[in-house]
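Counting starts at 1 for both ligands and their atoms, following the listed order. Just so you know, these numbers come straight off a predicted model, no measurement behind them. Just so you know, residue 1 is the first one in the sequence shown, and it goes up from there.
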Amino acid sequence: MSTVSKFTKEYLAKNKAKFEEVSEYIFNHPETRFEEYVSSEYLANACEQEGFTVERGVAGIDTAFVATYGSGKPVIGFLGEFDALSGLSQEPNKTAYEPWETSNGHGCGHNLLGTGAFAAACATKKYLEENGLSGTVKFFGCPGEEGGSGKTFMVREGVFEGTDIALTWHPSPSNSIMNFSSLANYQVAFKFKGISSHAANSPHLGRSALDAVELMNVGVNYLREHVIPEARMHYAVTNTGGISPNVVQAEAEVLYLIRSPKVSEVDDIYKRVCQIAKGAAMMTETEVTIRFDKACSNYIPNRSLEKILHKNLHEAGIEAPTEEEVAFAEKIWNSLSQGEKDNYLDLLRGFGYSGDGSEFEGKYLSDSISPYSDKDGVLPGSTDVADVSWVVPTAQLTASTSALGTPLHTWQMTTQGISSYAHKGMLRAAEAMALTGIQLINQPEDLEKVKQEFQAFQAKNPYTCPIPKDVKPSKLNQ
Ligand SMILES: [Zn+2]
């Protein structure tokens with residue numbers, strides 16, 4: 001074992017209880033996008049206690065912060081999320097659905113994500129400190145990942161400027177490198193305004209905003225045939241104009257989420273959707289206002305950085321789960337639907353897994369590290385890490401924190417969120433990220449290679465933030 005490896009492993013083992021406490025605290029205070037006041041403050045305070053200097057409220061977002069240690073180059077960044085989801089309330093360490101008082105829950109494991117990235121930042125800082133090296137470690141407290149595009153706003157406001165690399169991870173049932181791109185998206189609300197009237201005695205005097213919403217949706221459903229097959233258009237009617245059928249609805253609103261592999265494609269489709277909205281308004285003699293909510297770009301993988309991260313995930317290694325852990329994971333597995341069990345490999349592929357699944361046969365928890373592949377693929381989902389990857393070379397890994405087959409955004413994911421194997425996975429991710437940060441500090445030639453790959457992309461693909469300048473982050477309940 002190399003000295004760096006020994007140092008990192010020992011540091012994380014020694015501070016295990018502290019990091020587990022941070023993860024549990026965030027788990028116990030589940031807060032949704034841009035309202036993570038308790039979690040953000042707790043994590044920011046933890047950074048200060050570790051000797052970082054913290055700047056709170058960056059990018060005009062109350063719950064976004066940057067913790068910095070050291071000076072000079074290179075600047076190694078770690079991205080930490082800590083937001084929860086509504087409707088995923090669940091007691092920890094249970095094998096059945098048991099919601100608790102709050103309606104929110106950590107169904108995507110961001111209590112682990114934020115803490116693992118924080119632990120990686122602490123280990124890297126400690127290494128710089130003990131070896132008297134120059135270099136800067138930054139921990140980015142990134143709120144509002146779930147439907148908020150927090151990082152996209154942070155990129156727009158220049159928060160990542162001067163950062164040489166960004167590392168992060170995501171909880172998952174497997175240990176792998178997230179080697180794929182992701183879908184870019186725009187989320188936009190279309191609000192129609194008409195004229196109310198008695199629906200029986202004077203319908204001719206009314207102009208229905210709800211009709212406009214319906215006609216818009218019909219128009220978009222016809223548009224589907226004439227966009228690229230990879231594009232996705234989803235909508236939710238967020239205001240139907242009331243519950244009275246005997247009133248012509250004077251107001252109605254529909255929220256659209258438009259996705260495609262490239263942000264430029266999303267932009268083209270968005271313009272066509274806007275035309276349809278205007279057409280619906282014209283047909284119904286209503287007025288439409290378009291409110292841009294949020295957006296994120298497609299993710300740009302950095303193969304050189306991914307290879308280093310994969311090597312370091314192996315360096316961190318993986319210990320066999322205990323009998324109790326396997327028994328708990330088996331119960332979680334048994335709670336999954338047949339479809340979830342049958343398709344668990346598809347789920348893993350969504351995290352970058354490219355094997356045939358033979359190493360998982362007869363298992364409930366992953367005890368292996370997936371081979372690395374740099375084959376191009378697109379995740380059928382979106383992430384705001386993508387916008388960081390356009391301005392800073394970025395790599396992401398997954399570490400196993402849940403039973404095989406566990407889908408994200410379920411009570412099963414929430415209930416495993418502070419289990420012993422979730423915390424082991426969290427510290428494994430921290431170790432691989434810290435080893436990568438330290439390697440790039442110690443070996444500038446490796447960093448140079450990562451930067452060259454990034455610069456070659458950037459020269460041909462300058463970044464434009466997909467969120468217009470005047471759009472502000474919006475909370476869930478607005
Ligand atoms: Zn997530």
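- Between Asp268 and Arg272, none of the side-chain N atoms (NZ, or NE/NH1/NH2) sits under 4.0 Å from a carboxylate O, so this pair counts as no salt bridge.
- A donor-acceptor contact under 3.5 angstrom links the side chains of Glu31 and Ser39, judged on distance only.
- Salt-bridge annotation for Lys449 and Glu453: absent, with no side-chain N of the basic residue lying under 4.0 Å from a carboxylate O of the acidic one.
- Near-neighbour remark for the Zn ion (ligand 1): protein N, O or S atoms under 2.8 Å are Cys108 SG, His110 NE2, His170 NE2; waters not counted.
- Stacking of Lys475 on the aromatic ring of Phe34 is not recorded, the 6.0 Å distance cut-off and the 45° axial limit not both being met.
- The shortest distance between side-chain heavy atoms of Ile300 and Ser181 does not fall below 4.5 Å.
- The side-chain heavy atoms of Thr406 and Gln416, taken from C-beta on, include a pair separated by under 4.5 Å.
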